[in-house]
Each structure stands twice: as structure tokens, then as C-alpha cells.
Amino acid sequence: MSDPRARPLCEGNVDSDPIRQFNVWLEEAREAGVPLPEAMTLATADASGRPSARMLLLKGADESGFTFFTGYGSRKGKELDENPRAALVVYWHALGRQARVEGRVRRLSAEESDAYFESRPPRSRAAAAASRQSEPIAGREELEAEVERLLDEHGNEVPRPAHWGGYVLEPEAIELWQHREDRLHDRLRYTRREDGWRMDRLSP
């Protein structure tokens, strides 16, 4: 039986700007009912090159890059301080598609991080403020107690803690991958040049 996810990915049918094309695919994933279409794997490495990866949510992709939020003191935050390069992968199994992005990472400004933080529900704000991400704790109870303390003190207006904020991955290369039959998948890689993006087809 033919795989319904298999479809052609042709150079002439994609946007010359890979970020715009990524957002087309992201919207198609939403329309198709893909659960958590913004879920992505983020890979970082420390100063010695030892890698680590984890799942988190992409919060936006535009001309500035791919944005996400986390604790600055988390493992990923510490690794980005040591080695400000990263790669991310977004995979939409139902559509047979993935996007791979590589580039340098920088922190967002305090104002940009504040604006996003203020859009979060109160308990999510309190949870971010309570957690010293990636640090050992004695038990869940201390986290829950700190969340309640913050909500008692600040109500719905828990302020953004200094240890939490946003990052943007500024892409240098973006690859779009489309499932095809017989493992002859389509791969289009965009590489950033001074005059724009160059597209190459890669062998699967």
C-alpha cells in the first residue's frame, strides 16, 4: 500500500526563503491536527563538544530566527554560554516531514523576554520562577510550596525571574525533508549567503 505521507518536494514548489517555507509547513501541520506541531528537539554542546538534546517548544520563527525560552542556568543555558551554537529539529510524522536548523544562538533582550513571560498563565509564570532548572532538589514538595508562595505574594503578576528568558537561533542552514517511497526521501538544504539563501538538493 502506498504511504499517504509520500509526496514530492520540488525546488520550484517551495519558497526561496526557508523561514517562510518553514512557517507554511508549520501552519499545514496545525491544520492537519498534528499534536503539538511546535514541539522540537534542541541540541547543544558544551565547550568540549559533548552534546546533549531535549524536547521543548518553538515559540516563533521569523526573519530574526527561531525563538525558545528556558532557564539560563539549565544545562542547555550553560552550554549555550560556553558554546553559542545549536541545532534544532521539528518532526511532523503525520505529514512525513521534518525541518533541521543550525546556527548561532543569542539571548533575547530583557524587554522581549518580559513581554513573552507576561503572556503566560499565572501558574506557568510561578513555575518558571520557582524552578532552578536542572539543579538537584530534595523533592517535588519544595517546588510546589515555592509556587504557592509566589502566587500568594504576587497574585497573577509573578515577575520574570532573572534566571529565565528567551533565546533566538539565527539560522545559517535549514534543511527541509519530505518522506518518499523506497526511502528515496527529498532533502532540500538552504545555506545562508551574503546575498540571500542558496538551495541544494541532498541525496537521501
Side-chain angles (χ1 to χ4, degrees), residues 22 26 29-30 33-62 64-94 98-172:
F22 174 88
L26 178 60
R30 290 187 180 117
V34 173
L36 281 181
E38 302 87 2
M40 68 177 190
T41 300
L42 177 73
T44 56
D46 63 18
S48 68
R50 183 176 62 181
S52 64
R54 74 290 291 160
M55 298 296 297
L56 65 163
L57 293 180
L58 175 70
K59 291 302 179 180
D62 58 25
S64 65
F66 293 71
T67 301
F68 59 94
F69 293 83
T70 190
Y72 296 142
S74 65
R75 180 174 179 180
K76 69 181 90 58
K78 291 176 180 177
E79 290 180 349
L80 288 170
D81 284 342
E82 296 178 12
N83 179 5
R85 304 189 66 83
L88 65 84
V89 180
V90 183
Y91 177 55
W92 302 291
H93 177 76
Q98 66 176 308
R100 301 172 59 195
V101 186
E102 301 170 19
R104 295 188 64 84
V105 179
R106 62 174 174 83
R107 288 189 188 186
L108 294 178
S109 68
E111 292 76 16
E112 291 170 303
S113 291
D114 286 341
Y116 171 69
F117 192 77
E118 290 166 7
S119 74
R120 291 164 62 105
R123 293 195 71 85
S124 293
R125 294 168 67 169
S131 175
R132 297 290 178 171
Q133 198 171 357
S134 300
E135 293 185 11
I137 57 174
R140 182 179 176 85
E141 296 78 9
E142 70 179 63
L143 280 177
E144 293 174 341
E146 180 62 7
V147 166
E148 296 306 324
R149 186 194 70 77
L150 288 165
L151 290 171
D152 288 343
E153 180 178 349
H154 299 286
N156 292 339
E157 304 301 325
V158 176
R160 180 179 68 87
H163 63 258
W164 189 96
Y167 292 87
V168 59
L169 190 160
E170 300 172 332
E172 298 169 357

d(Leu42 CG, Leu80 CG) to nearest 0.5 Å is 6.5 Å

Is the backbone N or O of Val34 less than 3.5 Å from a side-chain atom of His93, with the two atoms forming a donor-acceptor pair by type? no

Can you run down the side-chain hydrogen bond (donor to acceptor under 3.5 Å, both in side chains) pairs that involve residues 46-58, sequence neighbours left out, and say none if there aren't any? Thr44-Ser52, Thr44-Arg54, Asp46-Ser48, Asp46-Arg50, Ser52-Arg54, Ser52-Glu79

For the residue pair Pro122 and Asn156, what are the closest heavy atoms and their distance? CG-OD1, 3.4 Å

Please report the interatomic distance CG(Leu58) to OG1(Thr67), rounded to the nearest 0.5 Å. 7.5 Å

Residues, nucleotides or ligands: over 12 heavy atoms within 6.0 Å of Arg132 CZ: no

Starting at CD of Glu157, measure out to CG of Leu151 and round the result to the nearest 0.5 Å. 11.0 Å

For a quick test of reading the model, state the closest non-hydrogen atom pair linking Ala86 to Leu169 and the distance between them. O-CD1, 3.7 Å

Is there a donor-acceptor pair under 3.5 Å between the side chain of Trp92 and the backbone N or O of Pro37? yes

Is any side-chain heavy atom of Gln98 less than 4.5 Å from a side-chain heavy atom of Arg100? yes

Atom of Ala99, atom of Phe22 and distance for their closest heavy-atom approach: CB-CD1, 3.7 Å

Hey, are the side chains of Leu108 and Phe69 touching, using non-hydrogen atoms and a 4.5 Å cut-off? yes

Results of ring-ring contact (aromatic ring centres under 6.0 Å, His included) for Phe68 - residues two or more places apart only: Tyr167

To the nearest 0.5 Å, atom CZ of Arg107 lies from atom OG of Ser113 at 9.0 Å

Sub-4.5 Å side-chain heavy-atom contact between Arg160 and Glu118: no

Check the orientation of Tyr116 and Trp164. Use parallel for under 30°, tilted for 30 to 60°, and perpendicular for over 60°. parallel

How far apart are the closest heavy atoms of Asn83 and Ala45, and which atoms are they? CB-O, 3.2 Å

To the nearest 0.5 Å, what is the distance between CG (Leu143) and CD (Glu148)? 11.5 Å

May I ask you to check whether over 12 heavy atoms, not counting those of Arg123, lie within 6.0 Å of atom CZ? no

Run the salt-bridge test on Arg30 and Glu38 with the 4.0 Å N-O cut-off and return the result as yes or no. yes

Report yes or no: does Ser74 contribute a side-chain atom to a donor-acceptor pair with the main-chain N or O of Gln133 at less than 3.5 Å? no

Okay, side chain of Arg125, backbone of Ala129: is any donor-acceptor separation there less than 3.5 Å? no

Rounded distance [0.5 Å steps], CE in Met40 versus NZ in Lys59: 10.0 Å

